[in-house]
J.: 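Dropping a structure here in structure tokens format, bear with me for questions.
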2 protein chains.
Amino acid sequence: MKLTTKGRYAVTAMLDLALNNDKGPVTLADIADRQGISLSYLEQLFSRLRKKQLVTSVRGPGGGYSLAGEPSEVHIAEVITAVDEKVDAMRCGGKSNCHNNERCLTHDLWRDLSNRIYDYLSDVTLQDLVERKGVPEMAANSDDPKVKLGNVRSTASDPLAVLNQ
Amino acid sequence: MKLTTKGRYAVTAMLDLALNNDKGPVTLADIADRQGISLSYLEQLFSRLRKKQLVTSVRGPGGGYSLAGEPSEVHIAEVITAVDEKVDAMRCGGKSNCHNNERCLTHDLWRDLSNRIYDYLSDVTLQDLVERKGVPEMAANSDDPKVKLGNVRSTASDPLAVLNQ
DNA sequence: CACAATCCCGACTAATTTAGTCAAGTATTT
DNA sequence: AAATACTTGACTAAATTAGTCGGGATTGTG
């Protein structure tokens, strides 16, 4: 699973589907219009979403795509992994080929971060987004006050975007 | 700030520096050797690390790079933002140009996730990695048990890598 | 001084990925 | 039949990452 605009497009499109779920199938042309995503690109994304059975399709006039399940059961992490190719983890992927100590240390770091991100995205469903219940609390790792955040953040010249693009 | 192998290279190299901090300046050739990173690529990365004053350099024979500060004061987030170009946030970056509702909803999601990742990486220092104290606890958002993780994760066909590459 | 080690810098190339286009289908409703 | 809309695959363009190359500038050592 990667975090790119590709995944964000997919989530946006799925959210569009969730919001119009009651009105029958939604055409990609509509989504392209509303969300400003190229129709052909959406076709690529939905091809994968369909293969992963996150959406169902109906052909012909009046057809389109619908969510395969309830919005409350579609987790964001699923959507993102559906459109992103598998990546063989992190170079020294789980294997014991990180022979020297240093690489293993950073490896642990990335893996833990990766797990956290995945957990976070697994915890949010389309329904959450629809209800703008938003996202779980910012979690503020207050249980480990070894570093007080905020000062560090203020050195970053900008409201940061960890995610690509 | 982006999360790519580029940043991981930088963190790995900085960790190498931290581990050899007592033995005087470390040459890039040594790091390239130990960490399997191309020398010229390291030069590019260290050029940025130096400009952000995360490392100091000594020229000439016996020269090399040293950490500018204590390992306990170098936060991983700083290292990553140093080597990665600024990215203007997330397309509808903070501005009010997300006119339609859907896009704003996902926007909130990405921003919150982005903040979390940044907080996490700000909380870990080189010293933490050196001591393998590792990373703060997995945090398990147990305060919001709306979804029990694990089942979702098991559908993912692989130990996932959220991070690119 | 000469020389080698080392940082420093900019331009260039290659590989990968994202994003998007195009064209030709197939299925279904009216 | 005809229009609608999904389906598929190949192709292109732009951006980014990763890496190369060639030349400098500095400085310690013999």
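Throughout, a chain's letter reflects where its sequence line sits, starting with A, and its residues are numbered from 1.
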J.: Check B:Asp16 against B:Val26 and note the closest heavy-atom contact, atom names and distance.
T.: OD1-CG1, 4.2 Å
J.: Please report, rounded to the nearest Å, how far the C1' atom of C:dA5 is from the CG atom of B:Asp30.
T.: 12 Å
J.: Examine A:Met14 and A:Val58 and state if one hydrophobic cluster contains both, with Ile, Leu, Val, Met, Phe, Trp and Tyr joined whenever side-chain heavy atoms are less than 4.5 Å apart.
T.: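 They do not share one cluster, since no chain of ILVMFWY contacts under 4.5 Å joins A:Met14 to A:Val58.
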J.: Would a 4.5 Å heavy-atom cut-off, applied to side chains only, mark A:Phe46 and A:Ile31 as touching?
T.: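 They are in side-chain contact.
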J.: Go nucleotide by nucleotide along DNA chain C from the 5' end; which of A:Gly60 and A:Ser38 gets its closest nucleotide reached first?
T.: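 It is A:Ser38, whose closest nucleotide lies nearer the 5' terminus.
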J.: Across nucleotides 7-13 of chain D, 5' to 3', mark each nucleotide with B, S or - according to how protein heavy atoms within less than 4.0 Å reach it.
T.: BB-----
J.: Is there a side-chain contact between A:Tyr9 and the phosphate of C:dT18, meaning an N or O under 4.0 Å from OP1 or OP2?
T.: no
J.: C:dT17 P sits how many Å from A:Tyr41 OH, rounded?
T.: 13 Å
J.: Are B:Tyr9 and B:Gln35 side-chain neighbours, meaning at least one heavy-atom pair lies under 4.5 Å?
T.: no
J.: Give the rounded distance in Å between these two atoms: CG of B:Leu39 and C1' of C:dC7.
T.: 10 Å
J.: Residues two or more places apart in sequence or in another chain: which of them pass side-chain contact (heavy atoms from CB on, under 4.5 Å) with A:Asp33?
T.: none
J.: Separation of B:Ile37 atom CD1 from D:dT17 atom C1', in whole Å?
T.: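 That distance rounds to 14 Å.
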J.: Go through C:dT6, D:dG28, C:dT29 for me and flag the one nearest to the B:Pro61 side chain.
T.: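 Per side-chain heavy atoms of B:Pro61, the pick is D:dG28.
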J.: Quick one: is C:dA5 close enough that its OP1 or OP2 comes under 4.0 Å of any side-chain N or O from B:Thr27?
T.: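 No, no such contact exists.
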J.: Measure the distance from NZ on B:Lys6 to P on D:dT16 and round it to the nearest whole Å.
T.: 10 Å
J.: Would you say the side chain of A:Arg34 lies within less than 4.5 Å of the side chain of A:Leu19, judging by non-hydrogen atoms?
T.: no
J.: Would you classify A:Val55 as touching base, sugar-phosphate or nothing, given that sugar-phosphate means primed atoms plus P, OP1 and OP2, and contacts are heavy atoms under 4.0 Å?
T.: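 The answer is nothing, as A:Val55 stays clear of every strand by at least 4.0 Å.
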J.: So, do A:Leu126 and A:Leu17 sit near enough that their side-chain heavy atoms are less than 4.5 Å apart?
T.: no
J.: Can you tell me how far P of C:dG20 sits from CG of A:Leu42, to the nearest Å?
T.: 9 Å
J.: Check the distance between D:dT16's C1' and B:Leu45's CG and give it to me in whole angstrom.
T.: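 Between C1' of D:dT16 and CG of B:Leu45: 14 Å.
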